[in-house]
Structures are given as C-alpha cells and as structure tokens.
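Structure first, then comments.
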Amino acid sequence: MKKVKVFITLKESVLDPQGQAVMQSLHNMDYPNVKDVRIGKYIELELEDTADVAAEVDEICDKLLANTVIENYRYEIEEEVHS
Amino acid sequence: MKKVKVFITLKESVLDPQGQAVMQSLHNMDYPNVKDVRIGKYIELELEDTADVAAEVDEICDKLLANTVIENYRYEIEEEVHS
Amino acid sequence: MPLTHLEPSPEQIEQEKIYRTMGLTESEYQEVVRLLGRKPNYTETGLFSVMWSEHCSYKTSKPLLKLFPTKGKRVLQGPGEGAGILDIGDDQAVVFKIESHNHPSAIEPYQGAATGVGGIIRDVFSMGARPVAILDSLRFGDLNNSRVRYLFEEVVSGIAGYGNCIGIPTVGGELQFDDCYNGNPLVNAMCVGVMKHEDLQVGQARGIGNTVMYVGASTGRDGINGATFASEEISAKSDEKRSAVQVGDPFMEKLLVEACLELTKHEALVGIQDMGAAGLVSSASEMAAKAGVGIHMNLDLIPQRETNMTPYEMMLSESQERMLIVIKKGSEEEIKAIFARWGLHAVAVGEVIEEEVLRLEHKGKIVAEVPSDALASAPVRHMPSRVPAEYTANQAAPVWKPEITDLAGTVHQLLTQPTLASKEWVTRQYDYMVQTNTVVAPGSDAAVIRVRGTKKGLAMTTDCNAKYIDLDPLEGGKIAVAEAARNIVCSGGEPLGITDCLNYGTPENPEVFWEMEQSVRGMAEACRVFETPVISGNVSLYNETNHQAIDPTPVVGMVGLIDDLGRLTTASFKHEGDAIYVVGEAAPEFGGSALQIMLDGKASGKPPVIDLQLEKKRQDEVLSAIRKGYVSSVHDLSEGGLAAAAADAVFGTEFGADLHFETDPVTELFSETQSRYLVSVPEALRKEFEATVAGAVLAGSVTRSENIEMHFVTESVSLRRPELEKDWRGVLSCAMSAKN
Amino acid sequence: MKTAVIVFPGANCDQDMYYAIKDGLGEDVEYVWHAETSLDGFDAVMIPGGFSYGDYLRSGAIARFAGIMPAVIKAAQEGKPVLGVCNGFQILLEAGLLPGAMLKNSHLKFICETVRLKVENNETLFTSLYKKDEIIRIPIAHGEGNYYCDDATLKTLKDNHRIVFTYHGENPNGSREAIAGIMNRAGNVLGMMPHPERAADALLGSDDGLRLFQSILNHWRESAHAAYTS
Ligand SMILES: Nc1ncnc2c1ncn2[C@@H]1O[C@H](COP(=O)(O)OP(=O)(O)O)[C@@H](O)[C@H]1O
Ligand SMILES: [Mg+2]
C-alpha cells in the first residue's frame with residue numbers, strides 16, 4: 001500500500017475569493033501580518049502497490065481530482081502503509 | 001516573509017462523504033487500486049516575519065482556519081519568501 | 001478484536017453505579033432490573049439509558065402532551081409515527097413534523113443544523129411521502145456577540161447546505177434574536193411531504209419470520225450517547241464530548257429518498273423507520289414494540305465504517321442517512337435491486353420473531369436480550385410545578401405605555417431591530433424554488449406550495465412569540481397557535497393541523513415546568529377552537545447555559561389547505577386606489593411587544609390577551625372574503641403592530657399609503673393587540689368586503705407614491721418607503737459583516 | 001420533438017425540467033438514466049441542475065464520467081440541441097463541451113433569487129424568440145456560478161457572439177463580464193447558470209424562460225428534423 005498526498009491549488013492567475021475572504025477576516029481579527037492566503041485542497045489517497053503508482057496518480061489527478069483549467073496539482077508518494 | 005503551508009484534515013472518526021463519493025467514482029472509472037480517499041484543505045499563508053510565527057499560526061488555525069470540533073491541522077513553516 | 005472485554009460486568013455496573021454516568025437514575029436502574037429480572041449488562045444498560053433519555057422517551061413531557069387534541073376528521077395518522085398525516089382530499093394527504101437540533105447546533109453549528117434537516121426529512125419520507133418543503137425556526141442571541149454571529153452564520157449555511165443539495169425547497173420559517181439564546185441557539189426544522197393515501201407506511205415489524213434490512217450509510221461511532229447528551233444542559237464540559245458530532249451527507253440522503261419512495265410502491269415492504277436519535281436501538285425496538293413482536297438481529301452483519309465496533313457502539317451510533325426496513329421473507333433480492341440501482345446497499349441483518357424481545361447477536365453470542373416494549377416504557381416523571389414570582393409580579397404590573405415624540409423615528413428604529421428586519425440575508429441562501437411548486441416564497445405571511453396536478457395549494461408557517469409566553473405562558477401559548485392560523489388564513493388557506501416543537505429549560509426547575517404546563521394548556525385550548533389537531537411534534541428540554549434558561553419557546557408549525565390557487569393572497573399591496581382596511585381595534589397592549597423590548601431592553605407586564613372565539617370568527621370571515629375574491633392583499637398584525645405591517649405591505653412594491661385614524665397614535669401604530677389584519681380591497685368590492693368582515697374599519701387607500709402618510713387627530717406621520725426599506729433590508733448583512 | 005432529460009444521482013431539477021417541457025411546452029419528454037449509453041431517437045438533450053454526486057470535489061466533476069456522457073458528446077457533435085442548466089452547465093464545462101470553469105460565488109454564499117438577464121445574442125437556436133438585448137427575469141440558485149475563463153477564451157467567446165446571456169444590473173456571483181450563459185462554436189450547446197425551467201409558469205412568478213424552450217422547438221420544426229430522428 002502506498003499513501004499519496006495530493007495538493008491542489010488554484011493557478012496564480014485565478015482569483016481566489018475564499019482566500020481573499022479569509023485574509024480579510026484575519027485582518028479584522030487583528031492579524032495584519034498575514035499578507036496572502038490561498039486556499040486549495042489536500043487529498044490523501046491510499047493505493048494498492050502497482051508497477052507505476054506515479055503514472056496512475058497523474059492520470060487520476062488530470063482526469064478527476066484537479067480541473068486543469070483553473071488548478072495545478074502536485075503530489076508526494078509517501079511511506080508504505082501497512083494494514 | 002514566511003510561507004506557511006497548512007493542512008487541514010477531518011478527524012479520523014469523522015465521516016468524509018466527499019472522500020467516499022470520490023473513491024466510488026474512481027472505482028467506477030476503473031481505478032480499483034484506490035483503497036481510501038480523504039479530502040481536506042490545503043492553505044498557503046504568507047506572513048510578515050514576527051518573533052513567533054508558529055504561535056501566530058497556531059492561533060489562526062484554532063480560531064479561524066480549522067474547525068477543531070471535527071478537524072485537525074498541522075503546518076509547515078517554509079522557506080523565506082522574498083518579495 | 002472488539003473492545004467488549006473492557007466493558008464493566010453487570011455487577012460492576014451496579015456496584016460502581018456506572019448506569020448513572022450513562023444517564024439512568026437510581027430508580028430507573030432498579031426498574032430495569034425489575035423488567036429484566038436480572039442485572040443488565042453493559043450493552044443493555046446502554047440501550048436503556050439512551051431509550052429512557054428525555055429525548056427518546058418524553059418521560060417528563062408525556063403527561064403534558066396528553067393535553068393536546070390529536071383527533072379530527074382529516075387525521076390519518078396522529079402522533080406516534082415518524083410524522084403525522086392529514087387528508088387533503090382527492091386521495092392525497094399532507095405529512096409533516098418539526099424537530100429540534102438545538103444542542104448539536106450549539107457545539108458544531110453547521111453539521112448540527114444540517115443533520116437536523118436530514119433527520120426531519122427522513123421522518124417524512126419514511127411515511128411514504130415525497131418531501132416538498134422545509135421550514136426552519138431559528139433563535140439566536142445578541143448579534144453583537146461574535147460567537148453568536150458564528151453560530152448564526154454556520155447554522156444557516158448548514159440548513160442551506162443540506163436542503164439545497166437534497167433538492168427540497170426551504171420556503172419559510174422564523175428568525176428571532178434575544179439575549180436568552182446567547183449560549184443556546186434554537187434550531188428547529190420542519191419538513192412537509194405530500195403522498196397518496198395508498199402509499200401510507202408505518203414503522204412496524206409485522207409478520208413472524210419476515211426479514212429486517214438495514215439500508216443507507218454505514219455505521220460509525222458518530223454521536224454515541226448523542227441522545228442522552230441532548231437531554232443534558234450545555235456546560236463547558238460539552239466541548240469534550242466531540243464524538244457526539246455527526247456529519248451529514250445530503251447526497252446519500254437524496255439517493256435514500258428516491259430509493260425508499262420506490263420501495264414504498266413495492267408490495268413486499270412491511271414497515272420502515274428512520275434511524276434517528278439512538279439509531280438502531282430506537283428503530284428496532286420501536287418497530288418491534290408497535291407490532292407486538294420481537295426482532296433478532298445479527299450485529300456482525302451491520303455495515304460498519306470503523307473497525308472493532310462493540311455492540312454498544314453499533315446500537316447507539318447516530319450515524320446519519322440510515323433506515324431500517326422490514327420486508328416479506330423471500331423478497332430480499334428484489335429489494336436489494338431497488339437500492340442497488342441507486343448505488344445503495346440493503347443488507348438483511350435480522351428477522352421478526354414471535355417472542356417479544358429485542359435479541360442481539362454478535363460474534364456467535366447473544367449480547368443483549370430485552371423485552372421490546374421495555375425500552376419504550378420509561379417510567380413517566382411527574383414533575384412539581386410552581387408559579388414563578390416574576391409571573392405574579394408581571395400580572396400585577398401597571399399598564400406600560402411609552403411617551404413617544406418622534407413617531408417616524410421610532411418606526412424606523414423598530415423596523416431595523418434584527419428580529420423585525422428583512423430575513424433576506426438568510427432566505428437568499430436557501431433554494432426556495434427547487435421542485436418548481438413554490439407559489440409564495442419567503443417574505444409573506446405563510447409560504448405556499450402548489451400540489452402539482454391540482455388547483456390546490458398548501459400554506460405553511462412556523463410561529464412562536466416567546467416573549468409573550470415568558471410573561472404569561474397560558475395566554476402566550478394560545479397566541480402562538482392563533483398567530484400561525486392567522487398567517488395561514490392571510491394566504492387564503494384553511495388551517496388543518498399543527499406540529500409543535502417544545503423548547504424549554506430544565507424541567508426539574510418547578511418554575512420551568514409550570515411554564516411548560518401552562519403554555520401547553522394554552523396551545524391545546526387554541527387547537528380545539530381552531531379545530532387544528534396536533535399530529536406530530538418534538539420536545540427539547542435542558543435548553544440552558546450556566547443555569548440560565550431560554551424563554552419558553554414552544555414553536556408551532558402549521559399547514560393549511562388552499563382549495564383554489566386562483567384565490568391566493570399575499571401581504572403586499574397590489575393596486576393603486578385600493579381601499580385599505582384595518583380589521584380589529586387596537587388596545588394599549590404593549591407587554592412583550594417589540595416596542596417595549598426595544599425601548600426597555602426587556603419584556604414586562606401582561607402580554608396581549610386573546611379572545612379565541614373572536615379570533616376564530618375573524619379568521620373565518622377574512623378567509624371567506626379571500627375565497628370570494630373581495631381582497632387584493634391581506635397581512636396580519638403581529639410583532640411591531642400596524643407600523644410593521646404597513647411597512648411590509650409597501651416594501652418591494654411601487655406603492656405607498658394614505659391613512660387616517662381617529663385613535664391614539666402610539667397605540668394605533670405599535671400595540672400588539674391580537675386578531676388584527678391589514679387588508680386592501682378593490683374600490684368596487686368595498687360593500688361586499690364590509691358585509692363579510694365585521695370590525696373592518698376603512699383607514700385609507702393605496703397610493704402610487706414613495707410615502708406612507710398617516711394622519712392622526714393630533715399629528716401626522718410621514719414615512720419614506722425607499723429609505724426605510726433600504727435600512728430594513730440591510731440590517732442582517734450589515735450585522736454579519738461586522739468586524740471580528 | 002422528443003427531449004431527453006438526463007438523470008444523475010443527486011440531480012434535483014430533473015423533474016422541474018421534465019415538467020417545463022411536458023406541461024409548459026407540451027412536447028414529448030423522457031428521463032434518461034445516467035448509466036444509459038445512448039441518446040438515439042432524441043431530438044434534444046437537457047442536462048438539468050442540482051447537485052450531481054453531491055457536488056463533491058467540484059460541481060460537475062464526477063458526473064462528467066457517467067456512462068451517458070459519451071452519448072451526450074455524440075449528440076453535441078451531431079448538432080442536436082444540448083442545454084445544460086446550472087449544474088448541467090458545470091458538467092458541460094467539466095466535460096470540455098464548453099470552455100472555462102466555475103469558481104465559488106465571489107461572496108462565497110449560495111444565492112437564490114430571480115435576476116434580470118440580458119439576451120446578448122438572439123440569433124441562436126435557443127434564443128430566437130427573444131429580442132436582442134431584451135431583459136428577462138429568470139431565477140438563479142447556485143453556490144458556484146462564478147464563471148471564469150482566460151483572456152484568450154474570453155476574446156473568442158466575444159468575437160464569435162457566443163456569450164448568450166449576461167446578468168443585467170448587479171452581478172450576483174462575480175462571473176467574468178457578468179456572463180450567465182455561453183454556447184459552443186457550432187451554436188448547438190448552451191450552458192447557463194439561470195434556470196429557464198423555473199420560469200415556465202406565470203403562477204410561480206415568471207414565464208420568461210418558456211420562450212427558450214419554444215425557440216428550441218421552432219428550430220426543430222424548421223430544420224430537417226428527419227435527420228435527427230433516424
Ligand atoms: N429562518 C427563516 N427561514 C426561512 N424563512 C424565514 C425565516 N425567517 C423568516 N422567514 C420568512 O420571512 C417572512 C417574515 O417572517 P416573520 O416576520 O416571522 O413573519 P410573521 O410575523 O408573519 O410570522 C416569512 O415569510 C417567513 O417565512
Ligand atoms: Mg404574519
């Protein structure tokens with residue numbers, strides 16, 4: 001078993017209304033230090049070992065997990081999970 | 001400037017309907033290898049350097065970014081960002 | 001390996017009084033021992049503790065609920081099932097119920113509210129009805145408090161998140177703010193469904209040998225002890241009980257609705273019940289007890305989301321979106337196929353047995369065996385009651401009436417109180433149009449849903465003025481029902497029946513119990529006069545924070561029938577030149593009024609009195625005028641009196657009004673005297689209208705202007721619609737964008 | 001004209017669409033289950049709104065892999081009218097039948113209200129019964145209707161008159177150029193956030209949406225419809 005951590009972020013050119021709102025609240029809450037907030041997704045996958053896990057994860061991300069019109073993704077294939 | 005990466009995940013015992021639906025659809029799409037999917041948030045913050053960035057991030061996460069009744073968070077304080 | 005070996009033995013449970021930490025009192029434990037003829041084991045103690053909690057057993061409120069009239073010519077199903085059912089003719093019926101999710105919402109507002117909506121929807125479709133509308137009755141504390149704003153924001157999102165996704169329009173409700181709800185918000189959700197008579201289902205496990213099936217989401221450790229938890233007062237300790245939080249999955253429930261409604265048409269279905277509070281225990285034991293049979297269930301077969309779950313955990317779990325069904329033996333595969341089409345599992349987990357016990361098997365052993373009806377027969381508690389000193393003082397208080405110099409300014413201030421302000425900030429977040437049957441959207445007196453394929457409509461509303469009840473629960477209880485009925489009548493509907501959600505503090509407090517008693521008496525009396533039986537309801541007690549009880553808040557949910565949608569009315573003025581009538585005279589009744597609360601910061605004195613016979617007579621007359629087509633608009637006078645009603649009637653229109661009174665301005669504008677209406681009538685129909693509605697006084701006419709002009713003998717008041725409306729609309733969004 | 005209304009798990013405006021066509025338009029209409037694989041015999045395809053697959057992950061993301069989608073794409077290629085409303089629009093974007101993507105509403109909240117739309121292009125098979133620049137009233141109800149596309153895409157949309165509807169007055173969700181509905185290059189696939197099927201009966205407040213369905217019907221009548229129904 002492999003554990004894969006996928007990070008999905010909005011492309012830089014795309015405005016992130018949620019991140020903007022969070023930053024605004026943080027400023028209102030008196031955290032003026034915060035200069036930028038971007039909100040994305042963090043997905044943990046568990047996969048049965050195969051010959052090419054990376055290829056499979058790439059496919060899954062391209063097809064489903066990320067919308068590449070607006071999002072970028074990257075991932076880390078982590079430790080073995082023992083079950 | 002510091003860049004902080006925050007990972008917010010549902011507590012283990014908490015149901016993740018989103019993750020379940022995505023897993024189901026991956027199975028339908030012929031990725032039977034995927035054994036588990038959990039969906040969380042990935043937030044990137046940029047903060048002005050202060051004496052104790054970690055303490056500030058903890059506070060921000062507790063108060064706003066994470067709903068600690070059902071979510072856990074962890075974060076990494078990354079490289080300096082030069083602007 | 002399950003963790004059962006860590007559970008205390010029956011002896012330990014008795015000696016160390018472990019049952020007490022589980023919520024059973026000394027005498028209740030003794031009663032369990034008596035019923036079983038032996039000491040209960042850990043699982044059994046758990047079953048009793050949860051089923052005998054106030055939330056599941058109504059042990060404290062039962063004696064009061066008996067006071068409600070529950071019979072009537074339209075009643076097809078009264079209290080006792082998932083939801084009540086009333087006949088609406090043409091072999092169709094309306095199904096409805098209201099339920100509270102106050103305590104879960106105080107801890108995790110989004111999920112608490114969302115799962116509250118999910119639960120009440122299951123109650124309705126488990127009767128065989130298609131859910132057609134949701135209403136939400138909400139109470140929060142002071143919006144200047146950031147925690148209150150957080151709760152408000154998240155509760156509304158949670159209701160929207162669930163209702164919008166599942167595709168049932170949220171068409172009405174209430175929203176009030178008062179400091180007494182600061183730590184304990186009220187989140188009551190009502191669901192209305194429509195069905196054919198022949199589709200009626202009940203939660204009964206008939207037919208020895210029949211199969212018990214589990215359908216829907218799998219079971220996790222969600223909300224274990226949630227039901228007992230809902231029966232305790234909220235204190236700082238609650239924060240630790242995090243396992244009580246259940247997460248809703250509206251997508252799953254949408255599939256479940258569709259699959260179960262298909263199942264309803266299948267002749268193999270015997271009984272169906274949702275797994276609400278106390279999940280498997282309550283559904284299984286209630287289904288068995290109602291049919292006078294037993295159920296044998298193999299817990300190894302229960303779909304489980306987590307590993308190593310104990311029988312105790314499985315039985316008490318409150319995982320959402322699950323149903324228990326009983327089907328004719330031999331039809332398992334057909335039933336599975338129905339659910340499979342919707343991507344759902346249906347699993348046979350047990351059978352109906354003759355012996356009247358709930359018997360649970362786990363890993364080859366019988367782990368619990370209790371008489372089916374024992375779990376449903378918690379010893380009733382008769383609580384002492386005492387007249388509160390405050391009540392006596394309020395009754396003796398002199399009549400309160402303020403001196404007001406700036407009438408226009410006072411109207412403006414009143415309309416921008418959060419409780420009276422526009423609720424659009426909330427209702428815009430709700431999909432109130434999905435299913436394309438919403439004829440009257442949120443914003444008028446009652447919402448109206450069309451019954452597709454007929455000219456009929458259903459009017460629905462929730463109402464409760466807790467301030468009146470706080471001052472005088474008997475009178476206030478009557479008014480809650482009367483106001484609901486009046487709202488139905490204003491839309492052109494005939495009141496059919498009610499559901500109620502009784503929200504109070506701790507019943508062990510004799511003064512709280514007295515308030516419960518009195519308000520229920522008042523509601524029951526009103527229901528008799530209006531011939532609107534109580535067909536379902538819910539009780540939520542222990543609504544306190546740090547020993548500060550909420551105002552008694554028994555919310556009334558009412559449904560009415562409009563026989564012809566062509567004769568529908570709303571509150572807004574429709575035509576320039578229409579005559580404006582005020583029906584009913586104002587007396588100086590200000591106790592608990594919006595004006596008093598605004599000026600004094602609290603309610604005091606006597607609330608308005610209500611003459612139920614007069615109320616009923618007027619409702620009949622107004623309804624008759626509507627049905628004959630004599631009116632253009634009808635609005636009842638409630639909180640904020642005539643001032644608020646007149647503003648409501650011009651907001652959103654291009655009209656104003658020109659009104660003349662010979663009465664005292666403060667009383668005329670702000671009194672909350674009951675049984676009053678603001679009606680606009682086409683000039684040509686004035687005679688007919690006057691002949692139909694006694695006590696209608698001509699006050700002026702609808703103008704095409706931006707002003708409401710009100711002329712009194714001593715002075716005149718001019719209100720500007722555009723400015724007033726803008727401020728009225730902006731109150732909540734402004735409060736919610738407040739900093740920090 | 002025989003219309004297909006695709007039913008995805010979690011869709012909740014399928015019945016509304018069905019009744020708009022059956023009762024409002026008075027034409028033949030059938031539900032088509034998401035797991036079906038053919039749309040042969042249908043003259044038009046409707047992808048209704050709702051929350052297909054709970055809108056989990058991203059709205060429309062999971063639905064675009066449903067069994068029926070290759071048939072929807074085929075129908076689009078054959079030139080049959082394909083209308084995606086709200087979630088249906090999101091599905092068409094995810095499936096690549098229309099360009100761009102949806103973001104959360106700029107104010108981050110779900111919004112339900114009747115808005116005013118401007119008919120930017122009335123020379124389409126969906127809008128021929130409207131006047132150019134006509135202002136119509138149609139309900140919206142969505143949490144992710146903030147249409148986004150890059151500058152190059154926006155330019156092509158504009159240059160080819162593929163922006164069919166825009167919001168008139170206040171932009172309710174922050175979408176680019178107040179875009180409410182766009183079509184494909186061939187002009188037979190329309191995606192729009194507002195719900196014309198909710199505006200097909202005056203009893204419910206507006207019947208401005210009915211003309212959209214009537215336009216489709218007129219188009220079908222005028223064209224050599226034998227080709228569709230082979
Ligand atoms: N929480 C809510 N959810 C949905 N609709 C609401 C809510 N609160 C108020 N409304 C709607 O706003 C309108 C005004 O409410 P309210 O002032 O309580 O009416 P009334 O005084 O006539 O009972 C009603 O149509 C009501 O259904
Ligand atoms: Mg009213």
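Below, chains carry the letters A, B, ... as their sequence lines are ordered, and counting in each starts from 1.
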Problem - Region of B:M23 that comes under 4.5 Å of a non-hydrogen atom in chain A - result: neither
Fill in the blank from the handout: Checked B:I43, B:V37, B:D36, B:T50 vs chain A; the most non-hydrogen pairs under 4.5 Å come from B:D36
Problem - Inter-residue atom distance A:L10.CG - B:E44.CD, 0.5 Å rounding - result: 10.5 Å
Problem - Neighbour count >12 (heavy atoms, 6.0 Å) for atom CD, B:E76 - result: yes
Exercise for the section: May I ask you to name which of B:D49, B:L26, B:V53 has the most heavy-atom pairs under 4.5 Å with chain A? Expected result: B:L26
Problem - Donor + acceptor pair across side chains of A:K63, B:Y31 (<3.5 Å) - result: yes
Problem - Pairwise distance CD1(B:I39) to NZ(A:K41) - rounded to 0.5 angstrom - result: 7.5 Å
Exercise for the section: Report yes if some heavy atom in the side chain of B:L64 is under 4.5 Å from a heavy atom in the side chain of A:M29; otherwise report no. Expected result: yes
Problem - Straight-line distance of A:R38 CZ to B:K5 NZ, nearest 0.5 Å - result: 14.0 Å
Completion exercise
For B:Y42 and A:T9 the tightest heavy-atom approach is CE2-CG2, 3.5 Å
Exercise for the section: Tell me, with the steps shown, if A:K35 and B:E48 meet side-chain contact (heavy atoms from CB on, under 4.5 Å). Expected result: CA-CA 7 Å; A:K35 292 300 171 209; B:E48 206 98 57; 2.7 Å; yes
